[in-house]
Amino acid sequence: MTGSALTSRLFEPARLGSLHLPNRLVMAPLTRNRASADGVPAPIMATYYAQRASAGLIIAEATTPNAVGQTYPDIPAIYHDGHVAGWRRVTGAVRAAGGTMFLQLQHGGRIGHPDTSGLTPVAPSPVVFPDSIHTPGGPRPGVVPREMTVAEIRSTVDDFAAAARRAIDAGFEGVEVHGANGYLIHQFLSDDTNRRGDAYGGSVAGRIRFAVEVVEAVADAIGPDRVGLRIAPGVTANAMREHDIEHVYPALVGALANKGLAYLHVVFADPAQPLFRRIRADWRAALIANPSLPWPTPFPADGGRHAGERLLAAGADLISLGRAFLANPDLVERFRRGAPLNPVRVEHWYGDGELGYTDYPALAAAREERAPVAV
């Protein structure tokens with residue numbers, strides 16, 4: 001075991017709202033397409049998450065709060081009792097293994113397709129997704145989404161709040177509102193996908209309004225210390241374009257900074273970026289940082305550990321990692337020992353049952369015999 005492994009802040013306990021976490025490593029939400037066609041979590045998902053319960057916190061994968069918000073096939077949902085029962089099996093398995101879970105709530109907005117949900121996607125404005133979308137029948141061109149009415153916006157806010165209450169009923173400690181990666185809330189924030197002329201568009205104050213209302217409604221439903229928000233300033237996932245992130249995100253953070261939320265989760269965080277430093281200065285609660293790593297390949301040999309430690313030194317409170325947890329159910333222990341990591345099998349990311357899902361070996365199962373190496 002290396003000296004750096006013993007002294008790393010990644011292994012220090014941390015506080016998140018009312019929760020006491022055993023370490024500062026967070027399993028990031030990862031879409032894996034293992035739910036049933038109607039969004040009920042499959043039994044294998046309980047095994048998968050329980051294997052990774054040594055993370056300080058698990059943020060379970062993107063889960064739709066209503067039918068029209070479905071993004072891809074076999075994505076979990078949380079809007080009826082069957083979904084709650086399925087998720088309760090997952091949270092029970094994780095709790096029995098000593099873990100703590102939040103659930104990420106994600107509405108896809110224009111990232112959806114009638115072949116998947118049976119419904120025409122809705123969005124801030126009728127701006128088509130320019131790439132293909134995966135459906136049960138394979139890739140299909142994006143369809144023009146229907147512009148949401150104000151009544152539909154308010155109904156969607158209510159759906160997020162109801163989903164949060166169901167998540168607590170399902171045994172989660174809290175929820176993360178997904179405002180990143182090109183999905184509905186992110187679409188409202190961007191001047192490229194939000195071309196509205198009413199109170200939910202136009203100015204920065206208008207474009208952040210939906211995000212603020214969703215977070216406030218969720219916080220009112222389950223308590224602010226059970227709520228996190230994920231953001232991705234300038235990230236181009238799902239064909240996103242943003243031209244004024246230096247104005248939008250400080251305004252959004254400022255509007256929510258005094259609400260008593262559990263955390264803010266910044267995707268592809270870079271401690272050298274002035275905007276990251278400003279967000280850290282303006283955000284008074286816990287900050288989860290997801291390091292900016294090569295995507296989708298190559299997978300860093302250290303799983304992002306050094307990048308995470310740089311972010312801790314720059315003021316982040318917890319570090320979220322995705323692919324490292326995907327391929328290493330015992331990632332925390334591997335980091336502690338300085339042990340090598342399992343390679344990521346990209347071909348099994350989305351679907352394929354247990355392959356590339358629950359079959360990654362832990363150290364004991366892999367019969368690790370080499371001396372620990374420093375990473």
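Being a predicted model, the structure only gives us computed values, none of them experimental. Below, all heavy atoms of this structure are taken into account, side chains as well, without hydrogens, waters or symmetry copies.
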*Given His243, Arg207, Arg241, the one that forms side chain to side chain donor-acceptor pair (under 3.5 Å) with Asp191*: His243
*Linked, directly or transitively: Leu19 and Trp283 (ILVMFWY side chains, under 4.5 Å)*: no
*Flag yes if more than 12 heavy atoms outside Arg284 fall under 6.0 Å of its CZ atom; otherwise flag no.*
no
*asked:* A cation-pi test, strictly: NZ or CZ of Arg52 under 6.0 Å from the centre of the six-membered ring of Phe325 and no more than 45 degrees from its axis. Yes or no?
replied: no
*Just jot down the side chain to side chain donor-acceptor pair (under 3.5 Å) partners of His348, sequence neighbours excluded, or say none.*
Asp352
*Going through the distances and angles, do Phe172 and Arg226 end up as a side chain to side chain contact (heavy atoms under 4.5 Å, CB included)?*
CA-CA 9 Å; Phe172 290 97; Arg226 291 176 177 261; over 6 Å; no
*asked:* Any carboxylate oxygen within less than 4.0 angstrom of a Lys/Arg side-chain nitrogen, looking at Asp220 and Lys259?
replied: no
*Side chains of Ile78 and Val84: does their closest heavy-atom pair fall under 4.5 Å?*
yes
*asked:* What verdict does the side chain to side chain contact (heavy atoms under 4.5 Å, CB included) test give for Ile59 and His265, after you've listed the backbone C-alpha separation in whole Å, the side-chain angles of each residue and the deciding distance to 0.1 Å?
replied: CA-CA 11 Å; Ile59 306 174; His265 187 179; 3.9 Å; yes
*asked:* Quick check against the 3.5 Å criterion: does Thr135 have a side-chain atom that pairs as donor or acceptor with the backbone of Gly137?
replied: yes
*Classify the angle between the aromatic ring planes of Phe102 and Tyr263 as parallel (below 30°), tilted (30 to 60°) or perpendicular (above 60°).*
tilted
*Measure from NZ or CZ of Arg34 to the centre of the six-membered ring of Tyr48 and say whether it is under 6.0 Å with the direction within 45° of the ring axis.*
no
_Ala362 backbone acceptor or donor facing Asp330 side chain under 3.5 Å_ = no
*Does Ala327 offer a backbone N or O that forms a donor-acceptor pair with the side chain of Asn342 under 3.5 Å?*
yes
*Measure from the side-chain N and O atoms of Arg24 to the backbone N and O of Pro13, and report whether any donor-acceptor pair falls under 3.5 Å.*
yes
*Are Glu61 and Arg32 within salt-bridge range, i.e. N to O under 4.0 Å?*
no
*Flag for Gln51-Thr358: side-chain donor and acceptor within less than 3.5 Å*: no
*Using a distance-only test with no angle check, is there a side-chain donor-acceptor pair under 3.5 angstrom linking Asp192 and Ser190?*
no
*Keeping the roles fixed (side chain from Gln104, backbone from Ala28), state whether a donor-acceptor pair exists under 3.5 Å.*
no
_Backbone N/O of Met240 and side chain of Asn238: donor-acceptor pair under 3.5 Å_ = no
*Hey, is the main chain of Arg88 close enough, under 3.5 Å, to the side chain of Thr91 for a donor-acceptor pair?*
yes
*Checking Arg345 against Tyr360: charged group under 6.0 Å from the ring centre and within 45 degrees of the axis?*
yes
_Polar contact flag, side-chain donor to acceptor under 3.5 angstrom, His107-Thr156_ = no
*Candidate pair Glu242 and Val235, rule side chain to side chain contact (heavy atoms under 4.5 Å, CB included), full reasoning*: CA-CA 8 Å; Glu242 297 179 278; Val235 170; 5.9 Å; no
*Going by the side chain to side chain contact (heavy atoms under 4.5 Å, CB included) test, name the single residue among Leu189, Ile279, Val253, Leu252 that passes it with Pro233.*
Ile279
*Before giving the answer on side chain to side chain contact (heavy atoms under 4.5 Å, CB included), spell out for His178 and Ile185 the whole-Å C-alpha distance, their side-chain angles and the decisive distance to 0.1 Å.*
CA-CA 7 Å; His178 197 348; Ile185 292 176; over 6 Å; no
*Is there a donor-acceptor pair closer than 3.5 Å between any side-chain N or O of Arg146 and the backbone N or O of Pro121?*
no
*Does Arg280 reach the main-chain N or O of Gly315 with its side chain, forming a donor-acceptor pair under 3.5 Å?*
yes
*Give me the one residue out of Val26, Asp225, Leu57 that meets side chain to side chain contact (heavy atoms under 4.5 Å, CB included) with Leu16.*
Leu57
*Got a sec, which residues hit side-chain contact (heavy atoms from CB on, under 4.5 Å) with Ala269, two or more places apart in sequence or on another chain?*
Val266, Phe276, Ala289, Leu311
*asked:* Would the distance check show the side chain of Asn290 and the main-chain N or O of Val267 forming a donor-acceptor pair, the cut-off being under 3.5 Å?
replied: no
